[in-house]
J.: 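Below you'll find the structure I mean.
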Amino acid sequence: MKDAYFPQEIEKKWQKIWEEKDVFKTPDDSDKPKYYALSMFPYPSGKLHMGHVRNYTITDVIARFKKMNGFNVLHPMGWDSFGLPAENAAMKHGANPETWTDENIAYMTKQLKMLGLSYDWDREVTTCKPDYYKWTQWLFLQLYKKGLAYKKEAAVNWCEECGTVLANEQVIDGKCWRCDHVVEKKYLSQWFLKITDYAEVLLEDLDKLTGWGENVKTMQANWIGKSQGAILKFKVVENELEVPVYTTRPDTVHGITYLVVAPEYKDIEELTTPENKEAVETYRANARKMTEIERLSTDRVKTGVPLGTHCINPFTGEKFPLWTADYALVEYGTGAVMAVPAHDTRDFDFAKKYNLPLKVVIQNPENPSDCKNEAYTEPGVLINSNEFDGMGNEEAKKAITQKAVDGGFGEFKTQYRLRDWLVSRQRYWGAPIPVVYCDKCGIQPVPEDQLPVLLPKDVDFSVVGKSPITTSKTFVNTTCPCCGGPAKRETDTMDTFVCSSWYYMRYSDAKNDKMPFAKDKVNKWLPVDQYVGGIEHAILHLLYSRFFTKALRDMGLLDFDEPFKNLLTQGMVLKDGSKMSKSKGNTVDPDEIFENYGADTARLFILSDSPPARDFDWSDAGVEGCYKFLNRVWRLISSNAGDINLSYTLPSNLRKDNDDMLRLVHIAIKGITNDISNDFQFNTVISKYRELVNAIYDWRGKKSNLDDEDKAILSFAIITLIKLMSPVAVHLTEEAWHELGGDGSIHDIKWPDWNENLAKASSITLVVQINGKVKDKIEADEALTEEELKQLALSSEKVKELTEGKTIVKTIVVPKKLVNIVVK
RNA sequence: GCCCUGGUGGCGGAAUCGGUAGACGCGUCGGACUUAAAAUCCGGUUGGAGUUAAAUCCAGUGCCAGUUCAAGUCUGGCCCAGGGCACCA
């Protein structure tokens, strides 16, 4: 074995051997229990960044650990390869997005292999390849048949920069999630997936996800936004119309003083009197022009105009005016709001501004308020509410809604904020939506035997203001599958999140050309046992995937109802306290790290300083420290190689120093195993590697010549160290294993066991406290009884001195650990 | 405003059950080896008091209370930071 550690040399060597021997292939048929470890697949943007390195290293260590513990592990990788950057790059360089994507995939694949990741590449999935998007299209058609995919004219989010519409989930603070451009409203006919059908079950099943962090579950619950309330209907005085409102506060119904409809409310024109028409039209035109940001800004002063018409409150017979104001949202509830200024802060602000009246109907009996200065929104007791006076407001919600139900002017209603998922994109580089439009037959799904609908190659990427796909001469014109007459293809492609909503299923049966996946295979491998990825997908990808899973289950394509059993959301990789980004110039190139230190150092370091879920601050000194540590490990092995024998036999009665060493190894096995099993605390795992290495050095430093017993202990310690480190330092340990004469691969070895009796020191340190403060520490035999421990503590010189002249009130003995003497 | 997460040395962070606070590392200081440097090895490193040196003592896990023989850990009330949601009726 060489004296010095040359990572680049041994890493290249082993990567080649592993690839040739196909060691990471996962068989479908195995007696072992299955384990599915998955990283969120990357967008092939060009090069790996440190966030990828962290993500894939975490999952790789988990996969290897599980494999060593007797599982048949599925650990695949693929490419989320449709999307705008490829198209933008194509426009810029006049190339084809496919070429750009293929080149990036090739480069990044090379990098992944350099990192020593244990992927089964035979299961690779690439979403932009026809053998994959054929099945994305097929799944879309199944959703269409089930009524879960539909087309409608709607106000949609439009990003001018990207030249396409966006899903609600992709609008962050009124801006595009990708380019930060301000999002506008447009009215377009677009394809939607009916995720709202699953709102309730998506919310309910969050409880089943015990392996998910509370933060992600809360974010999803908030996004789904369930609320319980009532629909109340109000008759219009001036005509026959009715205005229904959704409210969570039916208890305040006697306090209504006006009613607001959204500027886009469907009946608004009929609700406007001729005298008010002009003002209302102007107001609506302004609202239309406003961006999402302007409109949703909470510090904006509320505005509105009266419509001139009135409604009757069926509970009081009172007549109140109708207004339109943009604080009412057409997409939520009924698009109309009953306004109770005394008990709602928004209504209060609006009423103040326009001098609308205010009526108090809920009071805190202890501390009544007239609501002149602010709305009273806390619980209370009803007043000015006829037969409901004196009732608690929670009880009144039910009673009042019931009265509306009985009277035929209302109903109980559960409302969700979740909207349907807009999946149309006016872009080229995506899976074409497989439908055609026929003048005679209308919307026609493409027959399944005609899939995939291939992306055309004859497109002009230099066009502005429309999707490049529309420039194809061969794509658009087709024949109707129904009547055979001329028809036009849908030119919209699917949101890439559709592709990524099922890729983890495809890995179970990646080469199937008859189906997206065979049912028995998907049921065998799924759900994913451990999913690892960034928190930025807390809503988007994870919610869509949950929806897909449930929809596909209801179609009978699979038998589970949640895709990801355990979710680890890894923290960001920072440099100097802020997120690595090209614009800040604080990125670290993985290639440079591989070249200068090797992949094992990169893997060790990225796991070392922070627990996986927390942000990780990259430091050059830290990398250096990990590199030095691996050198130290290497020297420990190489300098002792001559004394290490793989077939050592440990004698049963060891000398004290050897017994202590033996115990330290068992303590390390136990600690490391538990740290990995318990939330993958790799940072403490690595601390324990260091402790063990330090201990072996210490032990070795005290010996000049080794006898047989010493050699056996040394062999046990070092071989165990190699096994324990093998999931992290994958190349170094493999090389060492072979240099020491090991057969096969270290990565096929069984994970070491520990003996509970040996995984602790041979004696205990008894902590002696007086009044809860540590005063002495005594080495003691662990077999001592409580009484003996007590006597031992009392016999301490220190204790005698400090208790002199005082009364011992009480003595607490914690077996094997501590004695606390309480004195006065 | 609502929700989630977190707050421990100069820094990253340890600390199954309430039982030795600060593991391990980074940084730093000192020493060994060397003509010298690098590399490597050994040792110190929460703050304060104390001492030639030690022993030793006191304080200490965001703040204030509480429970307990014993609190970083449990309870109540706050403060701060990060993230998410937000005119959702």
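Worth saying up front: this structure is predicted, and the values here are computed from it rather than measured. Chain A is the first sequence line, chain B the second, and so forth, proteins listed ahead of strands; every chain is numbered from 1.
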J.: Return yes when atom NZ of A:Lys398 has more than 12 non-hydrogen atoms of other residues, nucleotides or ligands closer than 6.0 Å, and no otherwise.
T.: no
J.: If I compare all heavy atoms of A:Gly255 with all of A:Pro341, which pair ends up nearest, and what's the gap?
T.: O-CD, 4.1 Å
J.: Will you find, in the side chains of A:Asp420 and A:Thr196, an N or O donor that is under 3.5 Å from an N or O acceptor?
T.: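 A:Thr196 and A:Asp420 do have a side-chain donor-acceptor pair below 3.5 Å.
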J.: Given A:Lys226, which of A:Gln415, A:Glu204, A:Glu200 fulfils the side chain to side chain donor-acceptor pair (under 3.5 Å) condition?
T.: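 Exactly one candidate clears the test, A:Glu200.
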J.: Please classify the glycosidic conformation of B:C64 as syn (within 90° of 0) or anti (everything else).
T.: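 Anti, angle beyond 90° from zero.
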J.: Under 3.5 Å, which donor-acceptor pairs link side chains of residues 621-632 of chain A to any protein atom two or more places apart or in another chain?
T.:
residue: A:Glu624; atom: OE1; partner: A:Tyr597; partner atom: OH; Å: 2.8
residue: A:Asn631; atom: ND2; partner: A:Tyr627; partner atom: O; Å: 2.9
residue: A:Arg632; atom: NH2; partner: A:Asn694; partner atom: OD1; Å: 2.7

J.: Going by atom types only, do A:Thr248 and A:Gln228 share a side-chain donor-acceptor pair under 3.5 Å?
T.: no
J.: Please confirm whether the backbone N or O of A:Gly229 pairs with a side-chain atom of A:Lys397, one donor and one acceptor, at under 3.5 Å?
T.: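 No: the side chain of A:Lys397 does not pair with the backbone of A:Gly229.
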J.: For A:Trp754, which residues count as a ring-ring contact (aromatic ring centres under 6.0 Å, His included) partner, sequence neighbours excluded?
T.: none
J.: Taking the P atom of each, how far is B:G62 from B:A71, in whole Å?
T.: 15 Å
J.: Test: salt bridge (charged side-chain N to carboxylate O under 4.0 Å, His left out). Region: residues 672-696 of chain A. Which pairs qualify, not counting sequence neighbours?
T.: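 Qualifying pairs, neighbours excluded: A:Asp675-A:Lys688.
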J.: Measuring only the P atom in each nucleotide, how far is B:U75 from B:G1? A whole number of Å is fine.
T.: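 Looking at atom P only, B:U75 and B:G1 are 25 Å apart.
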J.: Give me the distances for all protein-to-nucleotides 27-30 of chain B N/O pairs that come in under 3.5 Å?
T.:
none

J.: Starting from Watson-Crick (N1-N3 plus N6-O4 or O6-N4) and G-U wobble pairs under 3.5 Å, report the runs of at least three that RNA chain B belongs to.
T.: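 Stem segments, range with range: B:1-7 with B:79-85, B:10-12 with B:24-26, B:27-32 with B:40-45, B:46-49 with B:56-59, B:62-66 with B:74-78.
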J.: Apply side-chain contact (heavy atoms from CB on, under 4.5 Å) to the pair A:Leu358 and A:Val360, showing each step before the final yes or no.
T.: CA-CA 7 Å; A:Leu358 174 153; A:Val360 179; 4.2 Å; yes
J.: Are there more than 12 heavy atoms of other residues, nucleotides or ligands under 6.0 Å from atom NZ of A:Lys800?
T.: yes
J.: In whole angstrom, give the distance that lies between atom CG of A:Leu543 and atom C1' of B:C85.
T.: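 Spelled out: CG on A:Leu543 to C1' on B:C85 is 14 Å.
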J.: Work out how far the C1' atom of B:A53 is from that of B:G30, and round it to whole angstrom.
T.: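 One C1' to the other, the span is 16 Å.
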J.: Quick one: do the A:Thr303 and A:Tyr283 side chains pair a donor with an acceptor below 3.5 Å?
T.: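 On atom types as modelled, these side chains qualify, holding a pair under 3.5 Å.
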J.: Please give the distance between the P atoms of B:U16 and B:C80 as a whole number of Å.
T.: 30 Å
J.: Start at the 5' end of RNA chain B and walk down; is the nucleotide closest to A:Asp615 or to A:Gly622 reached first?
T.: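 So the residue in question is A:Asp615.
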J.: Once side-chain contact (heavy atoms from CB on, under 4.5 Å) is applied, do any residues pair with A:Lys266, and if so which ones, sequence neighbours excluded?
T.: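 Not a single residue meets the side-chain contact (heavy atoms from CB on, under 4.5 Å) criterion with A:Lys266.
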J.: Show me the protein contacts with nucleotides 1-7 of chain B, counting only N or O atoms at under 3.5 Å.
T.:
none

J.: Could you measure between the two P atoms, the one in B:U5 and the one in B:C41, and give it in whole Å?
T.: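 It comes out at 42 Å once rounded to the nearest Å.
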J.: Mind checking the P distance from B:G83 to B:G76? Whole angstroms is fine.
T.: 27 Å
J.: Determine the Euclidean distance between corresponding P atoms of B:C17 and B:G31; express it in Å to zero decimal places.
T.: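 Each nucleotide's P atom is 45 Å from the other's.
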J.: Can you give me the N/O atom pairs linking the protein to nucleotides 46-50 of chain B at distances under 3.5 Å, or say none if there are none?
T.:
none

J.: For A:Gly335 and A:Ser608, find the nucleotide of RNA chain B closest to each by heavy atoms; which residue's nucleotide sits nearer the 5' end?
T.: A:Ser608
J.: Where does the angle between the aromatic ring planes of A:Trp618 and A:Phe616 fall among parallel (under 30°), tilted (30 to 60°) and perpendicular (over 60°)?
T.: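 Perpendicular: the ring planes of A:Trp618 and A:Phe616 meet at over 60°.
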J.: Look at the side-chain N and O atoms of A:Tyr327 and state whether any lies under 4.0 Å from the OP1 or OP2 oxygen of B:A89.
T.: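 Result: no.
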J.: Mind checking the C1' distance from B:C24 to B:G18? Whole angstroms is fine.
T.: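 Those two atoms are separated by 24 Å.
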J.: Could you write nucleotides 55-60 of chain B as a row of B, S and -, 5' to 3', where a protein heavy atom under 4.0 Å of any base atom gives B, of only sugar-phosphate atoms gives S, and otherwise -?
T.: -SS-S-
J.: Mind running side-chain contact (heavy atoms from CB on, under 4.5 Å) on A:Asp251 and A:His343 for me, showing each step along the way?
T.: CA-CA 10 Å; A:Asp251 52 320; A:His343 305 295; over 6 Å; no
J.: Listed by chain and number, what are the side chain to side chain donor-acceptor pair (under 3.5 Å) partners of A:Glu374, not counting sequence neighbours?
T.: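 Result, side chain to side chain donor-acceptor pair (under 3.5 Å) vs A:Glu374: none returned.
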J.: Please write out the pairs of protein N or O atoms and N or O atoms of nucleotides 66-76 of chain B separated by less than 3.5 Å, giving the distance to one decimal.
T.:
residue: B:C69; atom: OP1; partner: A:Lys810; partner atom: NZ; Å: 3.3
residue: B:C69; atom: O2'; partner: A:Asn820; partner atom: ND2; Å: 3.3
residue: B:C69; atom: O2; partner: A:Asn820; partner atom: ND2; Å: 2.4

J.: Does NZ in A:Lys816 sit with more than 12 non-hydrogen atoms of other residues, nucleotides or ligands closer than 6.0 Å?
T.: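 Not buried by this count: 12 neighbours or fewer within 6.0 Å.
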J.: Using a heavy-atom cut-off of 4.0 Å across all strands, would you classify A:Arg417 as base, sugar-phosphate, or nothing?
T.: base
J.: Show the distances under 3.5 angstrom between N or O atoms of the protein and N or O atoms of nucleotides 15-18 of chain B.
T.:
residue: B:A15; atom: OP1; partner: A:Gln681; partner atom: OE1; Å: 3.4

